[in-house]
Amino acid sequence: MIDVKNLYKNFGKVKVLKAVSTQIEKGEKVVIVGPSGSGKSTLLRCMNLLEEPTYGEVWVDGKLITPPDPYLHPDIIVKSKTFNKLKKLRESAGTYLEGEKLVQAIIKEIKDGDLLGKFEGREYKNALKDVYRTYGVPVDRVRARMGMVFQHFNLFNNKNVLQNLIMAPVLLHLQTKEEAEDNAMRLLKRIGLQDKAYVYPSTLSGGQKQRIAIVRALAMNPDYMLFDEPTSALDPEMVGEVLELMKELADDGMTMVIVTHEMGFAREVATRVMFMDDGRITEEGPPEKIFGAPENPRLKEFLSKVL
């Protein structure tokens, strides 16, 4: 399971993600739709830490891959210098709150004002380290189980197709060269491109390149596949062959998170559709509800333009 908790992502003063939380269960096919600039691709890239969230946490199969976010751990906030300073100020000024109610009020004030700083004391820092020591895992270990397919194919043009496919599993010592080549040829045969094993990417069509990119991710035997608008850079006649391969993966039970503008594909393949607008998930549900009976006015407006 991929568990996204209260994710924020800022690029300077621009707030791209705003308190996004969701869970991707094993076997789900989650399609993310929404207008350009709504944060869809940024959310996807935060799931495997290609973008590091400003706040919030990402957990994969019970392991934390982001730095711990103190705002999600009240027991850590109370160990900060800021908390103790505010507590003393309130107590000296006289307050009608006491005990747990006072603690919760101060925690809320700290969260609302984003008051935690860099120098919160040793006890606070050790508490953060304890969280990561207990639950944290190096992100590269998770990325090896999480395939990613981008808008642009990102194939190495100086290597032939087979070399592109075997590079990662061999370099990461996940497979021997012979095992990787056997697996790569099996995958190429599956998509009918085994005769392209020794050609270079420059000789392939856009649809063939994207299918090779998907197969390259599959060569790592991932548990999850993330797709960032995989058909947006393709000519219209090439879109179908890529979507067909993705449908096959869905039928095989692969856990998939897909950012796309292909509404027909979303309607057919998704087990859940998430609509994002202005950095937030504003509505989500099964495709028949999202497309057949949307509730959010912005979603209704979006669908009226794209369907």
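All values below were derived from every heavy atom in this structure, side-chain atoms included, with hydrogens, water molecules and symmetry-related copies excluded. Residues take their numbers from the sequence shown, with the count starting at 1.
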Engineer: Check whether Gln151 reaches the backbone of Ala233 with its side chain - one donor and one acceptor, N or O, closer than 3.5 Å.
Structural biologist: no

Engineer: Under 3.5 Å, side chain of Asn48 to main-chain N/O of Arg143, donor-acceptor pair present?
Structural biologist: no

Engineer: Could you report the tightest heavy-atom contact between Glu120 and Ser80, atom names first, then the distance?
Structural biologist: OE1-CB, 3.4 Å

Engineer: Can we say Asp61 and Arg145 salt-bridge, meaning some charged N sits less than 4.0 Å from an Asp/Glu carboxylate O?
Structural biologist: yes

Engineer: Does the pair Arg272/Glu25 count as a salt bridge with the N-to-O cut at 4.0 Å?
Structural biologist: no

Engineer: Just by distance, do the side chain of Gln208 and the backbone of Leu193 share a donor-acceptor pair under 3.5 Å?
Structural biologist: no

Engineer: Is Glu301 salt-bridged to Arg298, cutoff N-O under 4.0 Å?
Structural biologist: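 Salt bridge between Glu301 and Arg298, a charged N being under 4.0 Å from a carboxylate O: yes.
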
Engineer: Provide the closest heavy-atom pair for Ala219 versus Asn183 in the form atom of the first, atom of the second, distance.
Structural biologist: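 The pair with the smallest heavy-atom distance is O-ND2, 3.4 Å.
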
Engineer: Considering non-hydrogen atoms only, spot the tightest contact between Leu86 and Glu109 and give its length.
Structural biologist: CD2-OE2, 3.9 Å

Engineer: Working to the nearest 0.5 Å, report the span between CZ of Arg216 and CG of Leu187.
Structural biologist: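 CG of Leu187 is found 13.0 Å from CZ of Arg216.
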
Engineer: Of all the heavy-atom pairs spanning Ala180 and Pro169, show the shortest one and how long it is.
Structural biologist: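 So the minimum-distance heavy-atom pair works out to CB-CG, 4.3 Å.
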
Engineer: Say whether Val149 and Leu50 are linked into one hydrophobic cluster, either directly or through other cluster members, by side-chain heavy-atom distances under 4.5 angstrom.
Structural biologist: no

Engineer: For Tyr71 and Leu116, indicate whether the former's side chain and the latter's backbone hold a donor-acceptor pair under 3.5 Å.
Structural biologist: yes

Engineer: Can a donor-acceptor pair be found between the side chains of Thr66 and Glu52 at a distance below 3.5 Å?
Structural biologist: no

Engineer: With rounding to the nearest 0.5 angstrom, report the CD to CG distance, Gln194 to Leu162.
Structural biologist: 12.5 Å

Engineer: Looking only at heavy atoms, which two atoms of Glu57 and Pro67 are closest? And how far apart?
Structural biologist: CG-O, 4.1 Å

Engineer: May I ask you to decide if Glu179's main-chain N or O and Thr176's side chain share a donor-acceptor pair within less than 3.5 Å?
Structural biologist: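 Present.
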
Engineer: Quick one: do the Tyr55 and Asn10 side chains pair a donor with an acceptor below 3.5 Å?
Structural biologist: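 No donor-acceptor contact under 3.5 Å links the two side chains.
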
Engineer: Could you state the interatomic distance from CD1 (Ile191) to CD (Glu244), rounded to the nearest 0.5 Å?
Structural biologist: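 Result: 12.5 Å between the selected atoms.
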
Engineer: Set out, in order, the CA-CA distance, both residues' side-chain angles and the distance that settles side chain to side chain contact (heavy atoms under 4.5 Å, CB included) for Cys46 and Leu17, then state yes or no.
Structural biologist: CA-CA 10 Å; Cys46 283; Leu17 296 179; 4.1 Å; yes

Engineer: Could you give the distance from NZ (Lys209) to CG (Asn157), rounded to the nearest 0.5 Å?
Structural biologist: 6.5 Å

Engineer: What's the separation between atom CZ in Phe275 and atom NZ in Lys40, rounded to the nearest 0.5 Å?
Structural biologist: 9.0 Å

Engineer: Looking at Asn160, is its backbone amide N or carbonyl O close enough to the side chain of Gln163 to form a donor-acceptor pair, meaning the two atoms are under 3.5 Å apart?
Structural biologist: yes

Engineer: Within the distance-only criterion (no hydrogens, no angle test), does the side chain of Gln210 pair as donor or acceptor with the backbone N or O of Val242 below 3.5 angstrom?
Structural biologist: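 Checking the backbone N and O of Val242 against the side chain of Gln210, no donor-acceptor pair under 3.5 Å is found.
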
Engineer: Atom CD1 in Ile76, atom CD1 in Ile107: separation rounded to 0.5 Å?
Structural biologist: 11.0 Å

Engineer: Honestly curious: do Val170 and Tyr198 fall in one hydrophobic cluster under the side-chain, below-4.5 Å linking rule?
Structural biologist: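 Same hydrophobic cluster.
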
Engineer: With a cut-off of under 6.0 Å to the ring centre and 45° to the axis, is Lys9 in cation-pi contact with Phe11?
Structural biologist: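 Yes, Lys9 lies over the aromatic ring of Phe11.
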
Engineer: Mark yes or no for whether Lys29, through its side chain, and Gly27, through its backbone, hold a donor-acceptor pair below 3.5 Å.
Structural biologist: yes

Engineer: Could you tell me whether Lys289 and Glu295 make a salt bridge, using a distance below 4.0 angstrom between a side-chain N and a carboxylate O?
Structural biologist: yes

Engineer: Is there a donor-acceptor pair closer than 3.5 Å between any side-chain N or O of Tyr132 and the backbone N or O of Val137?
Structural biologist: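 Yes, Tyr132 side chain to Val137 backbone: donor-acceptor pair under 3.5 Å.
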
Engineer: Shortest non-hydrogen contact from Ser38 to Asp277?
Structural biologist: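 Shortest heavy-atom separation between Ser38 and Asp277 comes out as CB-CA, 3.8 Å.
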
